[in-house]
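Notes follow the structure.
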Amino acid sequence: MRVIVSGLRKTYRGGVHALNGVTLDIPSGMFGLLGPNGAGKTTLMRILAGILRPSGGSVQVGAFDALSGKGQLAVKRLLGYLPQELGVYPDLSAREFLDYIALLKGLDDRQARRQRVDTLLELVALSDVASRKLKTYSGGMKRRVGIAQALLNDPQLLIVDEPTAGLDPEERIRFRNLLADLGGNRVVILSTHIVEDVAQTCQRVAIMKSGRVLFQGTVGQLTQATRGHVWTLTTPHVSMRPQGDLAVVSTIQTGAGAQFRVVGDMAPQAGARLVEPTLEDSYVWFMRER
Amino acid sequence: MIAQNTSYTINQWCAFWGATRYEFLMQVRRWALWIGFFCVAALTFLAILGTKTWTDDSHRPSVVSAFAAVASLVMFFLPIAVGFLTTDRLTRDRKTRVEETLNTLPASSGARLLGKYIGVVGAALLPMLIAYAAGVAYLLAVRGRDTLSFPLAVGPFLAIIVPGVLFVAAFSLICPLVIWGPLYQFLFLGYWFWGNLIYLPRLPTLNGTLLTADGDYAAVAFFGSDSSVITHATAAQAIASIALLLGLSALILLAGWSYQRWRLARA
Ligand SMILES: Nc1ncnc2c1ncn2[C@@H]1O[C@H](COP(=O)(O)OP(=O)(O)O)[C@@H](O)[C@H]1O
Ligand SMILES: [Mg+2]
């Protein structure tokens, strides 16, 4: 399975250019789509999921042209989609909601469908509360129902939009672990504005900003590309911030002054030391460009 | 795991059944449904307490005409509850944001809409059936009508109640896609009184025309009921009336389906 997006553009009514020629090559495995709010991640994912029409460009999902009528139908069968803001019917239980979606996904064998729903409830650790109405669920629990719903048809293409946004740290870690196990033979596209999500789960990553792709490649390549641009810099006092074309990633106050971690182009200077970039450094580096 | 079907599309009957089942379930779980129907049924009961046409049925020798009179009674105010309770069924997919997920599924929008419609109709018919059965039971038990005639009660239910409910549910499901829900309910209430209940000789109305949705034509033509503004009707007229109601229901559903597809294609 492979998803190939080329020259994708989307201009919303009203003239917002949400995507300005996005080209991505996404092989099997976990793929992180990283970018700030408004970068166009949701727009891209909604186009991939077939609920939004692009203004131009092409999308190839496996053997199918995802923008043709027939291709779109085929992709729907392969697709699992967890929208950024998942809606559920509050008056159904998790088990009922999943059964409903499973029917809409065409799982017509009653026995197999039941089993599938139970397996997924187990996977997302909701078996104990599966008979409770969804209106009693917390945000994190709903999100887990959402991922279970997306997985019902064992999708070859799994799209999850900001799955960890708004979750408390414990729920976030739990959700990340869940996602990390889903790669394998399928394409999993995960969008997030939280660098840590990608660091923990994805082999490959693309960075988006203002509807453009600034980088795509492996996580290793990303940090590689930033090497030589990340420094720690010590100053006598925290008020003496590093000057120049630099972005401060972190500040630590020490007894002797302050240590800054900065990203940018900087001539070697006293107190400055080149360090190994982390994913977060790389993200900051790509965000400050242009 | 799941067998990979080689065809591009899924079994749409499966999707249709899923929507029917769960829309029915969600609707019959609403307290508003049962409270609404109970209140309207109580209102109907109060309204007829003092009217001789209803309380004294000695002029209805045939048992089926008495059953038909009960069905007509059920069709007095209860369709208003049907209309009100159906108004939010389609629009709430948007409000709860379930729509976004639904649109990514391989189930066709037609199968989903039709399933929802049938589920909602089923949920509306259930309390109406209960009200009707209560009336029939009253005729049999208290009025001493022939108990063996009980199966005849099916006819008036199918011919008088079901077409009107199909009609009301179709409009109340689809119209709120383009009209604000409460406004639709207000208009619908007005329509029901004007088109089905009130009969003033000078007022132009749907009441008494083939388009009347309360089953008057069937009541008179098929079952010899006398409880409506129509005094004479042929079987052909009754069939035409039912066909008209069903045809219009199909049309409005088709229009709603096209509208949804158009909206999705425009996104
Ligand atoms: N339905 C819409 N109509 C108009 N503009 C939109 C719509 N949805 C998103 N946008 C705009 O498109 C841009 C990209 O949004 P989005 O794809 O949601 O970004 P992200 O998911 O990365 O936060 C933003 O500027 C946003 O305001
Ligand atoms: Mg988004």
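Only heavy atoms go into these numbers, but all of them, side chains included; no hydrogens, no water, no symmetry mates.
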* To do: Heavy-atom distances under 4.5 Å only: say whether A:L79 touches chain B with side chain, backbone, both or neither.
  => side chain
* Asked: Is the CZ atom of A:R2 crowded by more than 12 outside heavy atoms at less than 6.0 Å?
  -> yes
* To do: Taking all heavy atoms of B:L264 and all of A:I51, pick out the closest pair and write down the distance.
  => CD1-O, 4.4 Å
* Asked: Looking at CG of B:N11 and CG of A:D109, how far apart are the two atoms once the value is rounded to the nearest 0.5 Å?
  -> 11.5 Å
* Asked: Is the backbone of A:E85 close enough, under 3.5 Å, to the side chain of B:R97 for a donor and an acceptor to pair up by distance?
  -> no
* To do: Measure distances from B:A111 to the heavy atoms of chain A and classify the residue's part below 4.5 Å as side chain, backbone, both or neither.
  => neither
* How far apart are the closest heavy atoms of A:R77 and B:P106, and which atoms are they? -> CG-CB, 4.2 Å
* Which heavy-atom pair separates A:Y89 from B:L102 by the least distance, and what is that distance? -> OH-CD1, 3.7 Å
* Greater than 12 external heavy atoms within 6.0 Å of B:W34's CH2 -> yes
* Asked: Who among B:V98, B:L25, B:T101 has the most heavy-atom pairs with chain A under 4.5 Å?
  -> B:V98
* Most chain A-contacting option - heavy-atom pairs closer than 4.5 Å, from B:Q12, B:R21, B:R112, B:R92 -> B:R92
* Asked: Has B:R94 got more than 12 heavy atoms of other residues, nucleotides or ligands less than 6.0 Å from its CZ?
  -> yes
* OG1-CD distance between A:T42 and B:E100, expressed to the nearest 0.5 angstrom -> 8.5 Å
* Which of A:E96, A:Q72, A:R113 touches chain B most, by non-hydrogen pairs under 4.5 Å -> A:E96
* Asked: Under a 4.5 Å heavy-atom cut-off, does chain A meet the side chain of B:Q27, its backbone, both or neither?
  -> neither
* If you count the non-hydrogen atoms of other residues, nucleotides and ligands that lie under 6.0 Å from OH in B:Y259, is the total more than 12? -> yes
* Who among A:R46, A:Q115, A:K10 has the most heavy-atom pairs with chain B under 4.5 Å? -> A:R46
* Structure fact -> Interatomic distance, CG@A:D91 vs OH@B:Y22, rounded to 0.5 Å, equals 12.5 Å
* To do: State the OG1-CD distance between B:T104 and A:Q149, to the nearest 0.5 angstrom.
  => 6.5 Å
* Assess whether atom OH of A:Y12 is packed by more than 12 heavy atoms of other residues, nucleotides or ligands within 6.0 Å. => yes
* At a heavy-atom separation under 4.5 Å, does A:A112 approach chain B through its side chain, its backbone, both, or neither? -> neither
* Are there more than 12 heavy atoms of other residues, nucleotides or ligands under 6.0 Å from atom CG of A:N185? -> no
* To do: Answer yes or no: are there more than 12 heavy-atom neighbours, outside B:Y191 itself, under 6.0 Å from its atom OH?
  => yes
* Give, for atom CG of A:L103 and atom CD1 of B:I10, the distance between the pair rounded to the nearest 0.5 Å. => 9.0 Å
